[in-house]
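This chain uses plain numbering: 1 for the first residue, then up along the sequence.
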Amino acid sequence: VVVVCLLAFGFNLAMIKNLPIFIGLRYLRSKRREKFVSFVSGFSLCAMALGVAALIIVLSVMNGFDQEIKSRLLKVVPHVSVVKSDGFSSDQHKNIKATIINDTEVYDLIPLVESFIMLSSKDREFGVNLRGADPSWSTTALLKESMLSGYVEELAAGQFNIIIGSQIARKMDIFIGDQIQITLPKVSVTPAGIFPRIKRVTVSGIFEVGAQVDGSVVFMHPKDIQKLLRLGDKFQGFQVSLADPYKAEAWVENRAAIAFPEYRWRSWMSSMETLFKAMSMEKVVVSILLSVIIAVAACNIIASLALMVGDKRKDIAVIRTMGADSRLVTKIFIVQGLAVSASGIAIGTLFGSLFAYFAGDIIGAIEKLSGMYLFDPSIYLINVLPSKILISDILSVVSGALIVSFLATLYPAWRAGKILPAEALRYDQ
């Protein structure tokens, strides 16, 4: 895009160089420019380039982290889920699957069994979401890729084995083979009174996806969960696996809600809405903070134009006496200010995009040369700094910087257009 713009500019330069506004610019660029004015203009150009580059780099890295977290969540979180208060029987599940599976966007449909429980071990307690996972299900294949220890195949019916996340294992100080107690949100009524329903289970695996589910989700065979919750052969719902999970929200609105409006459908985006809103708010806050650099550059443009107006008062008076009106003088200084800011924006966009594209390689080279990790994999759960460049972000940064720069040139340019030739030449010798 930059190359095409430069070629177009060079092609049209011969056509526009004879316009009155550019004749005025060439005249005002006298050989005896003050060095301080040039310094302020150069400083504003560098500040604009720095601000634009910083915004593009930071937004690209945040986009990379956003994509990385979503891809990890999709390994254990259902793409689309639906629940029913009285549950679904096996026959209902088969009938619904026969209808939905014909959709080209649907990859698979499996039963859903889950419940909130309390884990207890060594005087430590942890509230988590218990979900069913059968080794024969297609969704369990993604869980296998995230196993740190143990095997998913050990989730056999009747064994009451459980797979926990790495955060839970660290906080509760438990490992494979340890027994923990789970407390269900059900009670048992006996002649001796009402007691909470508890069960001792064995830890058979530990998974890690590098997201919040490592500390909030555990897995057990669905048959065992049905026994603990006394569901019989019923399921609480089912989960739909889509070919493109990022279209889950649109699929729910356009397909599922229309085909089965009596059910409550929920996509993984809505179930993780709080997390995504926090990430989006963080991106907005960081963008606003880094925009201060662009604001400082705009203030420097105001200062440089104000100094230039004072330095060129006699030249302004000369071109005014030659027939230039105040509007032309105003346009000349607007173009002068935009030329400085546009140069900084172009440089910042180029270097910012290049750095964002090669961010992982650059950070890797720095780590190799320094011999230390800037992002420790044991803490951040990543080996390479993720980065994803979005054209929409670049356009937003560039357009915002151009608008701020244009607004910054208005007042100094307007003051230059108000200079009267007689007043400017009165004390000139």
Side-chain angles (χ1 to χ4, degrees), residues 73-88 93 110-122 124-137 139-140 142-144 146-172 174-188 195-209 211-239 241 266 268 271-272:
L73 285 174
L74 289 172
K75 293 182 179 180
V76 294
V77 175
H79 299 172
V80 177
S81 60
V82 59
V83 295
K84 189 179 177 183
S85 57
D86 55 350
F88 294 90
H93 174 262
I110 58 177
L112 175 64
V113 185
E114 63 179 358
S115 176
F116 288 100
I117 63 172
M118 180 72 73
L119 299 179
S120 303
S121 176
K122 302 177 183 178
R124 295 186 178 94
E125 297 179 345
F126 217 78
V128 296
N129 184 17
L130 175 65
R131 292 179 183 173
D134 193 320
S136 62
W137 291 350
T139 54
T140 312
L142 297 176
L143 180 61
K144 294 179 182 178
S146 305
M147 295 296 295
L148 285 180
S149 302
Y151 301 94
V152 177
E153 288 75 14
E154 295 185 10
L155 291 181
Q159 298 296 321
F160 291 96
N161 292 332
I162 191 172
I163 295 178
I164 64 175
S166 58
Q167 294 183 19
I168 300 175
R170 284 194 295 266
K171 292 180 180 179
M172 300 190 68
I174 54 180
F175 196 65
I176 295 178
D178 293 343
Q179 286 194 339
I180 58 176
Q181 178 180 289
I182 64 173
T183 304
L184 302 168
K186 302 286 183 180
V187 294
S188 298
F195 299 94
R197 297 184 59 190
I198 59 176
K199 177 68 177 178
R200 296 195 67 84
V201 297
T202 304
V203 178
S204 61
I206 300 174
F207 72 91
E208 182 178 73
V209 298
Q212 66 175 14
V213 292
D214 292 342
S216 60
V217 179
V218 297
F219 295 95
M220 183 183 288
H221 197 280
K223 295 293 184 181
D224 295 340
I225 300 178
Q226 286 176 324
K227 290 181 181 179
L228 294 175
L229 299 179
R230 297 178 179 176
L231 296 176
D233 62 344
K234 284 189 174 183
F235 299 98
Q236 296 168 326
F238 53 85
Q239 50 185 329
S241 298
R266 192 176 187 185
W268 66 279
S271 62
M272 296 289 173

Nearest-0.5 Å distance that lies between atom [atom1] in [X] and atom [atom2] in [Y]:
{"X": "Ile162", "Y": "Glu154", "atom1": "CD1", "atom2": "CD", "answer": "13.5 Å"}
{"X": "Phe238", "Y": "Ile110", "atom1": "CZ", "atom2": "CD1", "answer": "11.5 Å"}
{"X": "Leu231", "Y": "Gln236", "atom1": "CG", "atom2": "CD", "answer": "5.5 Å"}
{"X": "Asp178", "Y": "Ser204", "atom1": "CG", "atom2": "OG", "answer": "11.5 Å"}
{"X": "Ser120", "Y": "Glu125", "atom1": "OG", "atom2": "CD", "answer": "4.5 Å"}
{"X": "Leu130", "Y": "Leu229", "atom1": "CG", "atom2": "CG", "answer": "7.5 Å"}

Open item on the list: Quick check on side-chain contact (heavy atoms from CB on, under 4.5 Å): which of Ile225, Leu228, Ile182 does Ile117 satisfy it with?
Closed with: Ile182

On a heavy-atom basis, which atom in [X] and which in [Y] lie closest, and how many Å separate them?
{"X": "Lys234", "Y": "Gln226", "value": "O-NE2, 2.8 Å"}
{"X": "Ser146", "Y": "Val209", "value": "OG-CG1, 3.3 Å"}
{"X": "Ile176", "Y": "Ser149", "value": "CD1-CB, 3.1 Å"}
{"X": "Gly215", "Y": "Ile168", "value": "CA-CG1, 3.7 Å"}
{"X": "Phe88", "Y": "Gly237", "value": "CD1-CA, 3.5 Å"}
{"X": "Met172", "Y": "Ser121", "value": "CE-N, 3.6 Å"}

TODO: Using modelled atom types only, decide if a donor and an acceptor are shared between the side chain of Asn161 and the backbone of Leu155 within a distance under 3.5 Å.
DONE: no

Residues which pass side-chain contact (heavy atoms from CB on, under 4.5 Å) with [X], listed by chain and number, not counting sequence neighbours:
{"X": "Val83", "result": "Leu112, Arg264"}
{"X": "Asp224", "result": "Phe160, Met220, His221"}
{"X": "Arg131", "result": "Val77, Pro78, Glu114, Asn129, Val217, Phe219"}
{"X": "Ile198", "result": "Gln181, Thr183"}

Can you find a heavy atom in the side chain of [X] that is under 4.5 Å from one in the side chain of [Y]?
{"X": "Thr202", "Y": "Gln159", "answer": "no"}
{"X": "Val213", "Y": "Met272", "answer": "yes"}
{"X": "Phe175", "Y": "Val203", "answer": "no"}
{"X": "Arg230", "Y": "Arg197", "answer": "yes"}

TODO: Could you list the residues that satisfy side-chain hydrogen bond (donor to acceptor under 3.5 Å, both in side chains) with Ser166, not counting sequence neighbours?
DONE: Glu208

TODO: Please identify each residue that fulfils salt bridge (Lys or Arg N to Asp or Glu O under 4.0 Å) with Lys144, with sequence neighbours left out.
DONE: Glu153

